[in-house]
Amino acid sequence: MTVSWSTFNKQDSPTVLYGTSPDKLDQSASSNLSSTYPTSRTYNNHVKLEGLKPGTLYYYKVTGTNGYEAAYLPTFKFRTARPAGDDESFTIATFADLGLMGEDGLSTATGPFGGSAHATLEPGETNTIQSMLALADTYEFAVHVGDVGYADYALKEFVQGLWGSDNATTQPSRQDCMSEQFFDQMRPITAEKPWMVSPGNHEANCDNGGVTDKRANITYTDDWCLPGQTNFTWFGEHFKMPSYESAGRGNFWYSYDNGMVHFVSLTAETDLGNGLVGPIENSTNNVNGPFGSYQNEQVDWLKNDLASVNRTATPWVVASLHRPWLTNVEPDGLDYPAWQQAFETILYDGEVDLVQHGHVHTTELFQPQYNGTLDERGLDNPRAPLILVNGAAGHYDGLDEFPSDERVNGTLYANDSEFTWGRLTFHNRTHMTYELVASRNSSVIEHWTLVKQHELEKKGGERGRWCGKLKC
Ligand SMILES: [Fe+2]
């Protein structure tokens with residue numbers, strides 16, 4: 001377990017005290033990871049706790065937090081991952097495109113020079129963070145499929161007049177302020193639940209550069225973006241995903257096991273391999289990645305990772321990839337985007353059960369399919385992965401809208417009018433349920449159960465045992 005926290009001062013030796021009783025934090029771990037980046041007000045501290053028992057409740061406290069406050073910080077708790085092969089039912093929270101809530105983010109109002117009813121909460125609604133906190137006892141950890149915080153939206157919020165008549169050049173540090181607020185809002189959940197993040201475009205591209213503030217007659221370029229908002233700097237500084245343990249790369253591609261499930265996280269933004277150009281690799285002013293040591297590192301890693309999954313221990317495989325290739329926001333199709341070219345066949349060959357996306361701010365579920373061909377078995381033991389778009393968690397800019405009633409072939413569900421998050425329950429080795437939760441009141445709107453017998457295609461191994469291409 002890696003414990004990460006921010007402080008306003010650099011820590012010589014960030015330390016976590018921990019133990020299996022809240023009254024006896026008799027173990028400690030330290031690191032020398034306390035770093036910052038240009039324009040950030042905080043230092044980012046990370047300590048990895050090793051040698052923990054699986055499936056065990058631990059209590060912990062961080063030290064070295066800006067002097068006098070340290071003595072009063074609460075003791076938090078977390079539960080370690082279940083051992084691979086543990087077949088007890090468990091539930092996770094899953095969502096994408098979650099940003100700042102409240103006065104500087106998603107609220108009941110937008111600025112007077114932009115926004116729409118699709119970008120606000122109704123009075124009295126709870127937001128996604130509040131809903132996930134209210135139901136925190138119902139899931140074990142949180143999977144965030146990219147677009148984390150949306151601090152780069154500060155510019156759009158200025159231009160829309162949310163913060164009055166100032167123009168953006170007077171307060172560029174508002175981006176970092178939004179980042180700090182976002183972590184404070186998430187802390188009641190994420191101090192006690194692992195927060196597994198995937199990269200999205202808003203971790204790098206600060207893509208509101210180029211907008212014009214008509215009132216001030218200023219056109220902002222990418223130069224406005226703070227360094228931390230570019231090239232995944234903020235994302236890399238604040239999070240430490242288990243890429244070392246899974247031979248992945250930074251927070252970009254990595255995997256981990258929990259009970260009956262192998263989770264894979266990928267990036268659609270850069271490093272697509274085979275000459276494909278990631279959607280934010282080719283920006284002229286804002287160079288992002290690549291991050292692999294060679295062009296095909298991510299796709300080679302994915303093939304190897306899927307091939308080495310022990311499907312006897314972890315029959316379920318769930319992949320996270322921020323950008324979708326199916327969405328009813330573009331019902332005419334996305335014209336075989338580069339990230340689909342890079343990953344769809346590998347995920348299909350690897351018999352992945354569920355692919356989770358975000359990026360469009362809607363909730364959509366698609367019948368299992370591969371390369372445009374629907375799997376006629378639907379949710380009853382399909383060969384192709386079930387595809388979920390889970391991007392309606394919310395941020396200042398609200399939801400996307402479907403342009404018409406036309407639906408992409410294979411659409412099982414499409415909702416562009418509610419802020420939502422999801423719960424995935426792995427009941428056993430063959431049944432998984434996705435529950436869609438309405439953020440406004442924490443009710444379950446819909447649910448679907450995927451049945452997979454996991455009699456995986458025989459590729460040289462014994463029947464029922466996965467044996468991937470690279471191992472056979
Ligand atoms: Fe996105």
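Numbers for residues simply follow the sequence, beginning at 1. Each ligand, and each atom within it, is numbered from 1 in the order the structure gives.
The existence of a salt bridge linking Glu269 and Arg323 is confirmed by a sub-4.0 Å separation between a basic side-chain nitrogen and an acidic carboxylate oxygen. With respect to the salt-bridge test (charged N to carboxylate O, under 4.0 angstrom), the residues Asp271 and Arg249 do not qualify.
Neighbouring protein atoms of the Fe ion (ligand 1) (N, O or S, distance under 2.8 Å, waters ignored): Asp147 OD2, Asn201 OD1, His322 NE2, His359 ND1.
In this structure, Trp325 has its ring center at least 6.0 angstrom away from the ring center of Tyr336. Between Phe291 and Phe232, the gap from one ring centroid to the other is short of 6.0 Å. Phe239 and Trp195 have their aromatic ring centers within a separation under 6.0 angstrom.
Partners of Asp416 by salt bridge (charged side-chain N to carboxylate O under 4.0 Å, His left out), not counting sequence neighbours: none found.
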